[in-house]
Enquirer: 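Shown below is the structure under consideration.
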Amino acid sequence: ATNDSSLTWAVVSGGGQLVAPSDDFTTLSSNYKQIPRATLEGQLDALTSLSMGAQRCTIAGADYLFFRRAAMCMDWTLMAFARQATLRQTVQPLLMRTLGMGALHLALLTLLLALAAGRFTRPIVRLAARIQRADSPLELSFPEAVGRQDEVGVLARSLSGMIDRIRRLNARQAEIL
């Protein structure tokens, strides 16, 4: 709802009678400019034929957003009308602020993910580079990575174990020959 002069509400009975428009309850302290009761009564058949939920409608030449909900415990319908232009003026700054905050959050999240990805992939890239630079793969060792308790440590221990097995097999082969 808005806190300006663009909101009107009405209650319609199950028989299609206008029970209480908001101008019946307007006080001297209220700044609401309501849709007159006679105008609402003239539009009632067209309005009650619209489906429940939010719709657009024109009343007395002005464009409104029209919200219609059935009352839970009675056979009545609650209707609310808000001028589209006024709602647009109210919502536009909120929308811009929300989009700006969303873009800022997306940028921060992207930065954090890039930093995290680098932190997780950097040790694996260093292991791969060390393997590619080695003159003899059997001379490789990974002392700094073997002590790690994460996936990089598991990979380094597996590679070290494989290199040790190849060394032992090469030693046995040399003994046999």
Enquirer: To the nearest 0.5 angstrom, please state how far the CG atom of Leu104 sits from the CG atom of Leu109.
Expert: 11.0 Å

Enquirer: Atom OG1 in Thr110, atom CG in Leu115: separation rounded to 0.5 Å?
Expert: 11.0 Å

Enquirer: Is Met162 linked to Val152 within one hydrophobic cluster, defined over Ile, Leu, Val, Met, Phe, Trp and Tyr using a side-chain heavy-atom separation of less than 4.5 Å?
Expert: yes

Enquirer: If two hydrophobic side chains count as joined below 4.5 Å and joins carry through other members, does Ile163 share a cluster with Val154?
Expert: no

Enquirer: Rounded to the nearest 0.5 Å, what's the gap from CD1 on Ile124 to CZ on Arg126? Could you check?
Expert: 10.5 Å

Enquirer: Do Arg168 and Asp164 come close enough that some side-chain heavy atom pair is under 4.5 Å?
Expert: yes

Enquirer: What are the two closest non-hydrogen atoms of Arg148 and Arg157, and how far apart are they?
Expert: O-NH1, 2.9 Å

Enquirer: Grouping I, L, V, M, F, W and Y whenever their side-chain heavy atoms are under 4.5 Å apart, do Ile166 and Ile131 come out in a common cluster?
Expert: yes

